[in-house]
Undergrad: 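Please read through the structure below; I'll follow up with questions.
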Amino acid sequence: MPKSRIRKKDDYTPPPSRQPQNIRLTNRSWVAPVMLAFFLIGLAWIVVFYVTETQLPVEALGNWNIVVGFGFIAAGFGVSTQWK
């Protein structure tokens with residue numbers, strides 16, 4: 001049986017060095033104030049609704065004022081996903 005050829009291995013060449021890439025972070029300084037504002041508006045909406053015995057903030061909405069308050073709070077959580 002014939003002997004197979006011996007392959008010559010190439011010498012080790014290290015991979016080319018990579019230059020560090022700049023990570024571009026966007027300016028998200030608006031996120032924290034907007035998030036806190038939504039939280040506080042939602043909380044204030046619900047507190048005013050209960051303290052005024054359903055007369056304020058919008059009497060025509062009735063108990064839906066609670067949903068509006070929680071909507072503001074949910075919007076605050078939605079904005080918080082943009083925080084880095």
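The figures here come from the full heavy-atom set of this structure, side chains too, leaving out hydrogens, waters and symmetry mates.
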Undergrad: side-chain contact (heavy atoms from CB on, under 4.5 Å) for I73 and F38? Distances and angles first, verdict last.
TA: CA-CA 6 Å; I73 294 171; F38 276 136; over 6 Å; no

Undergrad: For this output row, return yes or no: ring centroids of F77 and F39 closer than 6.0 angstrom.
TA: yes

Undergrad: Between S80 and M35, what is the shortest heavy-atom contact and its length?
TA: CB-SD, 3.2 Å

Undergrad: What residue pairs, at least two apart or across chains, pass side chain to side chain donor-acceptor pair (under 3.5 Å) with a residue in residues 34-50?
TA: W45-N65

Undergrad: With a 4.5 Å cut-off on side-chain heavy-atom distances among I, L, V, M, F, W and Y, is there a chain of contacts connecting V51 to V67?
TA: no

Undergrad: Are F70 and V47 joined in one hydrophobic group, where the rule is that I, L, V, M, F, W and Y side chains link up if heavy atoms are under 4.5 Å apart?
TA: no

Undergrad: Is it the case that over 12 heavy atoms from other parts of the model lie below 6.0 angstrom from the CD atom of E53?
TA: no

Undergrad: Taking V48 as the starting point, is it possible to reach L40 by hopping between hydrophobic residues whose side chains are less than 4.5 Å apart?
TA: no

Undergrad: Do F72 and L43 belong together in a cluster built from hydrophobic side chains that touch within less than 4.5 Å?
TA: no

Undergrad: If I take atom OG1 from residue T54 and atom CG from residue L61, how far apart are they, to the nearest 0.5 angstrom?
TA: 11.5 Å

Undergrad: Considering only heavy atoms from C-beta outward, does the side chain of N63 approach that of F49 to under 4.5 Å?
TA: yes

